Structure formats: structure tokens, C-alpha cells
Chemist: 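Handing you a structure now.
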Amino acid sequence: MSAFLLTVALVLMAGIAAGLIRVAIGPTPSDRMMAAQLMGTSGIGVILLLAPVLAVPALIDVALIFSLLAAVAVTAFTRRRLTNDGD
Amino acid sequence: MNALLVIFDLLLTLTLLGLAVVTLTSREPRRAVILFIAFGLLLALVWARLRAPDLALAEAAIGAGLSGALMLAAARRASGRTTSPADSGDAEDAP
Amino acid sequence: MDPVQLLSGAFVLVGAFFFIAGTVGLIRLPDRFSRLHALTKADNVGLGFVVLGLMPLAPDFFYGVKLALVWLLVVIAGATGAHLIAKRALRGDGEDVV
């Protein structure tokens with residue numbers, strides 16, 4: 001079972017590496033942000049799969065922090081400038 | 001099992017290295033910041049792989065989350081200042 | 001290999017399939033909104049199936065609760081982010097259309 005979970009984690013890791021292409025070439029910034037969000041979600045999947053493989057149950061707290069900060073990053077990205085701040 | 005772990009480590013390290021190179025060689029601030037956020041996520045994965053959940057927590061919270069959000073705000077202001085003729089659409093609806 | 005492990009492996013495989021489909025869609029689809037659609041599928045359904053597959057392997061009760069909480073937070077973050085990005089892209093305002 002452990003080898004199977006590690007194989008699935010490897011597949012998700014390959015997905016992260018492929019999503020890097022879209023982050024690098026993405027024509028608009030929102031494309032890059034979407035790819036970064038997908039990389040974050042895949043990273044959560046990898047961490048959840050690694051926790052039983054490496055026998056470190058505390059890794060699920062890392063996944064919790066990942067999922068909390070995904071919302072923060074996207075919200076900070078799409079925040080609109082309210083004032084023209086000076087110039 | 002061990003061979004799989006080695007392949008996983010190789011893939012993780014190569015992705016991290018490629019991401020670092022792309023981040024450092026990008027010229028536009030927003031692109032560099034988004035790549036930096038992705039780099040922080042992958043670095044947290046590395047710490048998780050090395051069985052250090054506390055370091056992974058700190059890296060994900062501080063490295064990727066907080067400083068990423070702060071640097072996005074800083075990059076937005078910086079790019080608004082240098083390319084002010086380009087985003088005239090934003091300047092129009094400002095009071 | 002008891003049936004619980006078999007079922008859990010099947011769920012994890014379905015989740016990995018959705019992740020791959022989302023990544024391929026993110027790279028191959030031509031338009032920004034269709035890419036957003038592929039991304040949210042991978043976020044919600046893929047991670048949902050992975051969490052569902054890992055649920056029987058949880059060592060204790062609270063681990064399972066935390067797994068469900070991770071999925072809930074990702075769904076909330078994915079919905080919020082998709083709405084914000086789509087709204088910004090649709091109106092074409094701000095620095096988004098560089």
C-alpha cells in the first residue's frame with residue numbers, strides 16, 4: 001500500500017512540474033496565479049499522500065496551513081488598488 | 001520503494017532548481033513574485049519530505065504565504081510607478 | 001489486500017486522474033476561462049477523491065476530521081479565487097491585463 005501511495009504522489013509531483021510550464025509561459029498574470037494555485041493544491045495532495053508513507057502524521061498540519069494560505073495568496077493577488085496613492 | 005523515493009527526490013529537486021532559475025531570471029516583478037510563491041510551496045514540500053513538519057509549517061506560512069502576499073502588494077505598487085502610461089485604465093477611474 | 005484498502009486505492013487513483021486532467025487542461029486549453037474551469041475541477045474533485053481515499057487509512061478519528069477540514073478549506077479557497085480571478089478577467093480592470 002505504501003509503494004502505491006508513493007507512486008500516486010510521484011504522479012502528482014509530475015503534475016506540479018508540468019504546471020510550472022504554465023507559470024513560466026502564461027501570457028497574463030492571472031494564468032500564472034491559476035497555475036500557482038493548482039501547484040498548491042497538488043502540493044496538498046502530495047503532502048497528504050506522503051504522511052502515511054513516511055509515517056509522519058504531523059504533516060497534515062502542513063496541509064492545513066497550505067490550504068489556509070491558498071486563499072490569502074489569491075485574495076492578495078486580485079486585490080484592487082483603491083486609491084492612486086500619491087502619484 | 002527505495003527506488004521510488006529516489007525518483008521522487010530527483011523530480012522534486014529538479015523542479016525546485018528549475019523554478020529558482022526561472023524566478024531569478026524573470027524581469028517583471030509580478031511574475032517573479034508568483035514564481036517565488038510557487039518556490040516557497042515546493043520548498044515546504046522538500047521539508048515535508050525530509051520529515052521536518054515544523055520547518056515545513058514555517059516555510060509555508062512565512063515564506064510562501066505572508067511574504068508572498070506582502071511582495072505582491074509591493075510589486076503592484078512598483079509596476080504601477082514604472083509603467084504608469086500603460087495602465088491608464090486604472091488611473092481613469094481613480095478619483 | 002483487504003477490500004477497504006482496495007476501495008481506498010481506487011478512490012486515490014480517481015483523484016489522481018482528476019489532478020492529471022486538470023493539469024493537462026491548464027496547459028493545453030486555449031482560453032483563460034476554460035483554463036479556470038479545468039483548474040477548479042482539479043481542485044475540488046481531485047483533492048476530494050484523494051481525501052476520500054485516504055480517510056479509511058487514518059490512524060485515529062481526529063486525523064479524519066483534519067482531512068475533511070483540509071478539503072473544505074481548499075474548496076472555499078478555490079471558489080473564492082475562481083470568482084475573483086474570473087471577475088477581474090471579465091471586467092478587464094486594474095493591473096490584471098498587463
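Just so it is clear: chains get the letters A, B, ... in the order the sequence lines come, proteins before strands, and each one is counted from 1. Since the model is a prediction, treat every value here as computed from it, not as a measurement.
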Chemist: So which heavy atom on A:Gly19 is nearest to which on A:Ala35, and how close?
Modeler: O-CB, 3.9 Å

Chemist: With only heavy atoms counted, which part of A:Ala70 is less than 4.5 Å from chain B, the side chain, the backbone, both or neither?
Modeler: neither

Chemist: Can you tell which part of A:Leu10 gets under 4.5 Å to a heavy atom of chain B, answering side chain, backbone, both or neither?
Modeler: both

Chemist: With only heavy atoms counted, which part of A:Leu20 is less than 4.5 Å from chain B, the side chain, the backbone, both or neither?
Modeler: side chain

Chemist: Does any part of the side chain of B:Pro53, heavy atoms only, come nearer than 4.5 Å to the side chain of A:Asp61, both counted from C-beta?
Modeler: no

Chemist: Could you tell me whether a side-chain N or O of A:Arg32 sits under 3.5 Å from a main-chain N or O of B:Arg31, the two making a donor and an acceptor?
Modeler: no

Chemist: Got a salt bridge between B:Asp9 and B:Arg49, using NZ or NE/NH1/NH2 to carboxylate O under 4.0 Å?
Modeler: yes

Chemist: Go through A:Ala51, A:Ala36, A:Gly40, A:Ala24 and name the one with the most non-hydrogen pairs under 4.5 angstrom from chain B.
Modeler: A:Ala24

Chemist: Can you tell me which of B:Leu70, B:Ile34, B:Leu35 forms the most heavy-atom pairs within a distance under 4.5 Å of chain A?
Modeler: B:Ile34

Chemist: Report yes if some heavy atom in the side chain of A:Leu50 is under 4.5 Å from a heavy atom in the side chain of A:Leu6; otherwise report no.
Modeler: yes

Chemist: Please classify the contact between B:Leu72 and chain A as side chain, backbone, both or neither, with a heavy-atom cut-off of under 4.5 Å.
Modeler: side chain

Chemist: Side chains of B:Leu45 and A:Ile16: closer than 4.5 Å at any heavy-atom pair?
Modeler: yes

Chemist: In terms of heavy-atom pairs under 4.5 Å, which option from A:Val23, A:Ile65, A:Thr7, A:Val46 contacts chain B the most?
Modeler: A:Ile65

Chemist: Name the region of A:Ala55, side chain, backbone, both or neither, that has any atom closer than 4.5 Å to a heavy atom of chain B.
Modeler: neither

Chemist: Given a strict heavy-atom distance threshold of 4.5 Å, which part of A:Val62 is in contact with chain B: side chain, backbone, both, or neither?
Modeler: both

Chemist: Would you mind telling me which of B:Ala52, B:Gly68, B:Ala48 has the largest number of heavy-atom pairs within less than 4.5 Å of chain A?
Modeler: B:Ala48

Chemist: Tell me which of these, B:Val22, B:Leu16, B:Ile37, B:Ile7, has more heavy-atom pairs under 4.5 Å with chain A than the rest.
Modeler: B:Ile7

Chemist: Considering the options A:Leu64, A:Val53, A:Ile47, which one meets the side chain to side chain contact (heavy atoms under 4.5 Å, CB included) requirement together with A:Leu59?
Modeler: A:Ile47

Chemist: For chain A, which candidate among B:Ser26, B:Ala44, B:Ala61, B:Ala73 shows the most heavy-atom pairs at distances under 4.5 Å?
Modeler: B:Ala61

Chemist: Counting C-beta onward and ignoring hydrogens, is there a side-chain heavy-atom pair between A:Met13 and B:Leu42 closer than 4.5 Å?
Modeler: yes

Chemist: Checking heavy atoms, do the side chain of B:Leu5, its backbone, both or neither come under 4.5 Å from chain A?
Modeler: both

Chemist: Using atom types as modelled and distance alone, determine if a side-chain donor or acceptor of B:Ser67 lies under 3.5 Å from a backbone N or O of B:Ile62.
Modeler: yes

